[in-house]
Amino acid sequence: MNAVTTPPEAGGGCGAVTAVRGSLVWFGEDPFPTSGEGALEYVEDGLLVCRDGRITAAGEYSDLVEKLPVGATVVHHRDKLILPGFVDPHVHYVQTRIIGAYGDQLLDWLQNSVYPEEARFASRAYAERFAKLFCEQILRNGTTTALVNCATYPVSVDALFEETHRRGMRVAAGKVLMDRNARPDLLDPSPRQGYEESEALIRKWHGVGRSLYAVTPRFAVACTGEMLRLAGKLWHEHPGTLMQTHLAENTDEVEEVRRLFPDRKDYVDVYEHYGLLGRGAVFAHSVHLEKREWKRLSATGSGVAHCPTSNLFLGSGLFSMRDARHRKRPVHTGLGTDVGGGTSLSLLQTMGEAYKVGQLGHVPMDGTKLFYLATLGGAETMGLEGVIGSLAPGHEADFVVLDPSATQLLAARTAESETVDDLLFALATLGDDRAVAATYVGGRVAHERSPCPDPKPRRSSRRRWNRSRNRELRWLKFEEGTGWSKDLEVPGAWSPHGPGIEAYKSLLYCLHQDTAANPFLWWDVYDKETGAWRGDREITDVLGNRVPNHGQPAVSHANDFLYCVHHRDVSDTRLWWSRYNIEGPEPGWSADQVVKEPGGREVRATGASLTVYDGLLYCVLRREDSTLRWLSHDTGTKAWSAESDVPGGFTSSRTPVVERFKDHLYCVHDRGDDQLHWMTYSSVSRSWSGSRRIEDPDGNPVRTSYAPAIARYNDHLYCVFHQEDSGGWGRLWWTRYDEGKGWSRPERVGAAISSAGFDVSAYHGPLFCVHRG
Ligand code: GUN
Ligand code: ZN
């Protein structure tokens, strides 16, 4: 009866107004020339309002909330910081898999580790796989814009842009141009062909959605003069495109460039000679530069990407922030991850390393400067200031929600922070992807952190090797009169999400994803006769196949079957359904199928729930755009109805839950405000009631931090919900609805400490609750 959930995907324009509440932080100007104080914009209780992918207002919550149009959703990010999405002005998606390759320095590392890997990107399927992984990973790290090097092959560019375009991301990328000093299968057959292929890619992708093309000569060691000349020509022929390359990363490389271009003054002069300096040109590394070179970069408006994790990992050298941000000749500077030379896709970790490199050069940067570099600094480096990198109205609505209490250590460190700058600095030194509570692209959620980022010590030693994301499943039961029982383990059952539970034919079924590393559906059964669980095992369907699963499945019996609706994969929002019959004509689990409307359209959701009502199986779901929809299934014909709107036009930040109670279908949901609401549907009048807030007897709202679970039990409708403490842990609470009296005062579900992910069902006497410990 509970929720099936998968992280929401971003989509195209939204039309509707969405607003997020939290502490807003952005940079009005460059903090390097000043003390930094004036550069930082901070609104403690702020509201960021977005429409059609752009920021329309950023300011005090109390001022702006009144001006919101009717139907606007407000998502609350309590005690969290909302900042512009991170900008990574130098990264190689085609090196994702070779991150952390031991031993070599730049030139050998390229030949031994990088080039063999990039050669694999001639395969479209391989490129698609890593484009997807790369996008997932940067979003989970809060990065919304990147300047990306692809491989020589145009398919490697197509694969990336297809993925970033689908997600609505502002990404710049290009195929590397290289015509010497590497294995032949990686080289452009001629400079002319490299030019023509790049030009075809510009025509295909530049300006499509938010995609930008970047002309990408790899570096002077791998490019002949003719290749560099054509790169410069191409860049100038297509205004608005970017240019990216590597510059003075390693001393052997600098030496080699001197040997290859003896007529040029220095490395910067090589690029300048071929017309490659200017606004929108980004030079990665720039570690070993002379004063003249810095001056030329500054005078031409070029940008540099400081890549500290890479420079340390490859032993390249120490970037000079003092030279880059010299008062008299400043150069636009951002922070690049440079994966796979870099060791992390996290700009938080990159800020931490930039600080340490700064310390070695006696330029200790504070939190304000570090975050400026990772946001507006990166945007300026790419020539995209005014478009991204800021929360000021008019900018594109790409932002990140950071949690200063994401881990126990961060929580301890930030508990007594007295300034925003200190909070930012703590996040830069201790933060990583766990500190990213959510990432928004174009005003819509593109990544949401799992609710339990910080593991609690295990109570049991079984399956110790499993990732911290997994939790043991625990159960307890409630009886009127005696209250809640002790909280016990479901022996050997684990899940990185919650279970779906339901009584079916004299047994209580519990379905759940096994561990994060084993993303398949498992089930266990509780038998009232023995008072014990029978043992957790994998589900195999009638064809003998395991059932891939991601997230919390929804289960409900309907007529003679137990139904399960679930997701198969984190990045696949299609819903799948299957059903189980313990005996009868179709015993066992059916093979799962995509939920489809009568016309064949596939139903997509980021969460769904099920219940049987008036002979049909009802499914209420949260679509990718966060609105609620519903459809029904006829167990006889095995057909799904078309999807309809749940009226009200609001969006929800969590999965809604449904249950039949008395003559109605009840739906409990939130409306993006961390509070529980409810509405009912009648199959007689074929209409929904309006959505009302659940209030305790004193009229107080009921707060929630996860999708609730509902079940009817002894003439009441019970609702169990989660209230988060710190680090994703929380308590379960319950309230119940009585037709005469309304909702009861919430009480704790026994002494259970729970992470999010739970379900309830009445089963032979008591009400059962299974939850993630
Ligand atoms: N110089 C030329 N190509 C590369 C590359 O792929 N990575 C790094 N770090 N430096 C380079
Ligand atoms: Zn690089």
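Counting starts at 1 for both ligands and their atoms, following the listed order. All figures in this text were calculated on a predicted structure; none of them were measured in a lab.
For Phe399, the ring pair (Phe, Tyr, Trp, His ring centres under 6.0 Å) partners at least two apart in sequence or on another chain are Tyr440.
The closest approach of Asp338 to the Zn ion (ligand 2), by N/O/S atoms, is made by OD1.
Here the two rings, on Phe425 and Tyr355, have centers that are under 6.0 Å apart.
Between Arg449 and Asp433, no side-chain nitrogen of the basic residue sits less than 4.0 Å from a carboxylate oxygen of the acidic one, so the salt-bridge criterion is not met. Salt-bridge formation is not detected for the pair Asp269/Arg296: no Lys NZ or Arg NE/NH1/NH2 atom is positioned less than 4.0 Å from an Asp or Glu carboxylate oxygen. At a threshold of 4.0 Å, the pair Arg124-Glu162 counts as salt-bridged, since one of the basic side-chain nitrogens sits closer than that to a carboxylate oxygen. The existence of a salt bridge linking Lys132 and Glu128 is excluded, since no basic side-chain nitrogen approaches an acidic carboxylate oxygen closer than 4.0 Å.
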Before giving the answer on ring pair (Phe, Tyr, Trp, His ring centres under 6.0 Å), spell out for His90 and His285 the whole-Å C-alpha distance, their side-chain angles and the decisive distance to 0.1 Å.
CA-CA 9 Å; His90 185 70; His285 303 284; 5.6 Å; yes

Enumerate the pairs of nitrogen or oxygen atoms, one from ligand 1 and one from the protein, separated by less than 3.5 angstrom; state names and distance to 0.1 Å.
from: ligand 1; atom 1: 3 (N); to: Arg218; atom 2: NE; distance (Å): 2.9
from: ligand 1; atom 1: 6 (O); to: Gln95; atom 2: NE2; distance (Å): 2.9
from: ligand 1; atom 1: 6 (O); to: Arg218; atom 2: NH2; distance (Å): 2.7
from: ligand 1; atom 1: 9 (N); to: Glu249; atom 2: OE2; distance (Å): 2.9
from: ligand 1; atom 1: 9 (N); to: His285; atom 2: NE2; distance (Å): 3.4
from: ligand 1; atom 1: 9 (N); to: Asp338; atom 2: OD2; distance (Å): 2.8
from: ligand 1; atom 1: 10 (N); to: Glu249; atom 2: OE1; distance (Å): 2.6
from: ligand 1; atom 1: 10 (N); to: Glu249; atom 2: OE2; distance (Å): 3.4

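Not a single N, O or S atom of Glu249, from either the backbone or the side chain, sits less than 2.8 Å from the Zn ion (ligand 2). The distance from the Zn ion (ligand 2) to the nearest N/O/S atom of Cys307 is not under 2.8 Å. Here His90 reaches the Zn ion (ligand 2): one of its N/O/S atoms is less than 2.8 Å from the metal.
Geometrically, Lys369 engages Phe32 in a cation-pi contact, judged by NZ or CZ lying under 6.0 Å from the ring centre and within 45° of the ring axis.
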